[in-house]
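This one's a predicted model, so the numbers in the text were calculated from it and none came from an experiment. First the proteins, then the strands, lettered A, B, ... as listed; each starts at 1.
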Amino acid sequence: MTADPWGAVLDEAEKLRKEAEAAAGVAHFPVPLETPPEGWGDLAFATFPYAKQLRKGPDQVAKDLVALMPKGMLIATSEAVGGYVNMRLDTVAFSRLVLDSGLAAGGSYGSLPPKKVRVLLEHTSVNPTGPIHIGRARNPIIGDALARIMRMAGYEVSTEYLVNDVGRQMVLLYWGVKNIDPKDVPPPEKEKEDFRLVKYYQKANELLEGNEELERKIGEMILRFESGDIALTREIRSVAERVLRGILESLDRIDVHIDSFYWESDLIMSGSARQVVNRLRDKFLDEGGALFLDLAPYGIKGENTRWFLTRKDGTTLYPTRDIAYHLTKFDRCDIAINVLGEDQKLGQQQLKVGLQLIGAPGVPETLFYSFVALPEGRMSTRSGRVVSLDDLADELVERAAEEVRKRRPELPPERVKEIADIVGLGALRYNIVRLQPEKKIVFKWEEALNFEGNSAPFLQYAHARTCGILSKAGGRGTPDPSALTHPSELRLVKTLGQFPHLISVAAESRRPHFLASYAYEAASHFNIFYRDCQVLQAEEPLRSTRLALVEISRTVLGNALHCIGLRAPAEM
RNA sequence: GGACCCGUGGCCUAGACAGGAUAUGGCACCGGCUUUCUAAGCCGGCGAUCCCGGGUUCGAAUCCCGGCGGGUCCGCCA
């Protein structure tokens with residue numbers, strides 16, 4: 001038994017290949033193991049790379065290697081086909097391994113052993129000036145999924161939100177809240193602090209247009225604030241807190257919970273930003289009091305490669321505070337990961353240079369995502385051209401409720417609401433987490449509201465089906481792996497056996513969308529099994545064996561859904 | 001001017017980092033499947049110059065070079 005059946009298969013395949021290579025007197029080639037097309041076996045590798053060295057045709061090499069390849073515990077046979085070695089699993093041995101592993105692990109199947117590696121994962125960190133919109137919502141959705149996946153892979157993960165309560169945008173918001181008459185701002189779209197306060201921010205931006213006196217006033221406040229005026233900092237921070245509360249409510253609704261918050265203003269008040277300046281001062285150039293470094297020698301290119309640490313008045317700039325912030329991270333973790341919009345790429349490069357110059361113990365890993373735009377262009381809080389996370393969530397839940405009512409007219413309204421929440425909010429997350437982060441998304445309502453095919457409800461429905469069978473099943477006997485012979489059940493066994501391996505791959509590569517693809521495949525294979533293989537009416541020992549497969553399917557689908565941030569309903 | 005990312009059927013998308021067998025799915029469209037564990041399902045059909053042009057290679061969606069198109073960035077903002 002093992003925590004990772006597919007990993008065991010891969011290890012054995014490598015071992016058998018090496019043994020065949022050694023027997024043939026061939027140097028090892030790291031030809032990747034691949035999955036051959038359906039019907040050609042379970043694992044394969046190409047022999048073209050060997051052909052040249054051996055001065056033989058690839059097909060002959062494949063035949064030679066096959067002839068010399070021993071039989072394994074899990075891999076029963078291999079055959080040479082047109083320059084490939086195709087290996088086939090011993091289906092009974094592999095089914096036994098998957099059943100044993102899955103049943104022994106129970107609900108924790110897929111969880112890998114603890115690694116004793118602390119990960120500090122910074123995500124979201126949106127400016128608290130207004131409601132979070134779907135352009136930025138990609139950040140918590142990807143970040144939280146990565147946190148969940150890495151936890152399942154055995155890492156000690158803590159998530160953190162850097163609250164940018166410093167800077168012009170915050171001062172402007174504060175000024176607006178303090179000075180604009182409530183009668184002069186339009187009513188908020190929702191009764192939430194973030195929606196209420198953003199109106200003052202937008203109005204303040206509007207008033208600032210061409211208003212030099214206000215411009216000057218704001219400038220003064222920024223200076224006071226950033227020079228460490230504690231009273232002002234507290235006031236601004238309290239406004240930021242009010243907006244943040246609204247943002248966190250939105251995040252809570254989609255099951256994103258952040259472990260800790262770091263307030264940027266603390267870096268000023270504690271003097272840690274100042275210390276960064278002192279430690280870097282002699283490496284930087286001074287221009288009228290402003291410290292800067294030319295980053296051109298560090299491989300950074302562009303119109304202007306000068307990177308400023310301080311203003312000429314001596315106040316620190318954001319990158320300086322970010323260095324200070326990251327220094328605190330390495331006291332608290334072994335791996336720091338930042339999930340950021342692609343607009344932060346240069347900034348992160350600069351940050352890494354800064355951290356190296358100051359002798360930091362490490363640099364953060366970065367996971368960048370492209371923005372979600374509307375068909376009419378980029379979203380902007382300042383202009384109000386946004387679709388808020390809350391709007392999208394409301395719409396999806398409402399649509400999901402219609403669907404549930406249509407399909408399950410007998411359900412009481414409370415139950416409809418519960419399922420609609422699970423489905424609608426799941427759709428929100430799935431539509432983002434399933435895509436490669438680096439691809440930009442143009443948000444379209446008709447696509448977001450689709451509940452069929454490759455969609456959240458598809459995955460959740462498969463899970464609900466497993467629960468439906470299990471709730472009707474009663475007990476079961478001991479499973480017998482040799483009872484499993486139908487191609488659809490063998491395919492399901494293989495997919496279920498790959499789950500722990502997928503957790504590992506998605507965690508190590510920091511690619512949450514791998515797990516979304518896997519979850520879809522697992523759901524799809526379960527649905528095919530469901531069509532082809534009757535469970536409850538089957539004869540023993542097939543019934544008990546299939547029932548065990550359904551149990552493991554429920555765990556795999558439930559855990560896979562959990563990892564990408566979707567809830568797994570028992571009925572829909 | 002420069003840097004980074006993206007470009008796959010009408011639309012969306014996997015595969016690209018580790019080059020390999022007839023390029024993965026979904027939406028839409030057409031046609032089928034429910035006396036049997038929930039049809040948000042399943043099966044079949046239609047549909048692709050993998051942006052373009054060179055190069056490397058036995059072999060390129062994948063690697064390299066050059067274009068084109070889109071996104072992002074190059075502030076004593078954050």
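The existence of a salt bridge linking A:E215 and A:R168 is confirmed by a sub-4.0 Å separation between a basic side-chain nitrogen and an acidic carboxylate oxygen. Between A:E220 and A:R224 there is no salt bridge, since no side-chain N of the basic residue sits under 4.0 Å from a carboxylate O of the acidic one. Using a 4.0 Å cut-off between charged side-chain N and carboxylate O, A:R405 and A:E402 make no salt bridge. Under 4.0 Å is where a charged nitrogen must lie from a carboxylate oxygen, and between A:R511 and A:E438 at least one such pair does.
Distance from the side chain of A:L317 is smallest for B:rC76 among the nucleotides B:rC76, B:rG41, B:rA14. Of the candidates B:rC42, B:rA78, B:rC27, B:rA78 carries the atom nearest the A:P319 side chain, counting heavy atoms from C-beta on. Closest to the side chain of A:K301, out of B:rG2, B:rA40, B:rA78, is B:rG2. The listed nucleotides are B:rA78, B:rA21, B:rC42; the one nearest the side chain of A:E226 is B:rA78. Distance from the side chain of A:H513 is smallest for B:rA14 among the nucleotides B:rA14, B:rG41, B:rA40. In this structure, the nucleotide among B:rC76, B:rG41, B:rG15 sitting nearest to the side chain of A:F458 is B:rG41. Looking at the side chain of A:W40, the nearest of the listed nucleotides B:rU22, B:rG25, B:rA40 is B:rU22.
Atom CG of A:N454 and atom P of B:rA28 are 13 Å apart (whole Å). For the pair A:L459 CG and B:rG26 C1', the computed distance is 12 Å after rounding to whole Å. Rounded to whole Å, the distance from CD on A:E403 to P on B:rA39 is 16 Å. Between the CH2 atom of A:W445 and the C1' atom of B:rC12 there is a distance of 18 Å, given to the nearest Å. A straight line from CZ of A:F368 to C1' of B:rA3 spans 13 Å, rounded to a whole angstrom. A straight line from CG of A:L435 to C1' of B:rC6 spans 13 Å, rounded to a whole angstrom.
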Sugar-phosphate or base contact per nucleotide [nucleotides 56-61 of chain B; S, B, -; heavy atom under 4.0 Å]: --B---
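If you check distances only, the side chain of A:N86 does reach the base of B:rA21 with a donor-acceptor pair under 3.5 Å.
Between A:E446 and A:N450, the side chains place no donor N or O within less than 3.5 Å of an acceptor N or O (distance only, hydrogens not considered).
Separating the C1' atom of B:rC51 from that of B:rA61 is a span of 12 Å, rounded to the nearest Å. For the P atoms, the distance from B:rC4 to B:rC46 is 43 Å, rounded to whole Å. A distance of about 15 Å separates the P atoms of B:rC52 and B:rG69, rounded to the whole Å. Here the separation of B:rG70 from B:rG26, taken at their C1' atoms, is 24 Å to the nearest Å. Separating the P atom of B:rC11 from that of B:rA60 is a span of 27 Å, rounded to the nearest Å. To the nearest whole angstrom, the two P atoms, one in B:rU36 and one in B:rC30, are 28 Å apart. With C1' as the reference atom, B:rC50 and B:rU13 are 13 Å apart, rounded to whole Å. Nucleotides B:rA48 and B:rU8 place their C1' atoms 7 Å apart, quoted to the nearest Å.
Nucleotide B:rU24 carries an anti base; the chi torsion (O4'-C1'-N9-C4 or O4'-C1'-N1-C2) is more than 90° from 0.
When Watson-Crick and G-U wobble pairs are counted only if both distances are under 3.5 Å, B:rC4 pairs with B:rG71. Nucleotide B:rA14 forms no Watson-Crick or G-U wobble pair with any nucleotide shown, as no partner meets the under 3.5 Å limit on both distances. Pair check for B:rA48 finds none; no Watson-Crick or G-U wobble contact set falls under 3.5 Å. Of all nucleotides present, only B:rC43 satisfies the Watson-Crick or G-U wobble test against B:rG31, with each distance under 3.5 Å.
The aromatic rings of A:F371 and A:Y369 sit perpendicular, their planes meeting at an angle over 60°, well past the 30° parallel limit.
Under the salt bridge (Lys or Arg N to Asp or Glu O under 4.0 Å) criterion, A:R510 pairs with A:E365, sequence neighbours left out.
For the pair A:R306 and A:E287, the minimum side-chain heavy-atom distance is below 4.5 Å.
For residues 548-557 of chain A, the pairs satisfying side-chain hydrogen bond (donor to acceptor under 3.5 Å, both in side chains) are A:R476-A:E551, with sequence neighbours left out.
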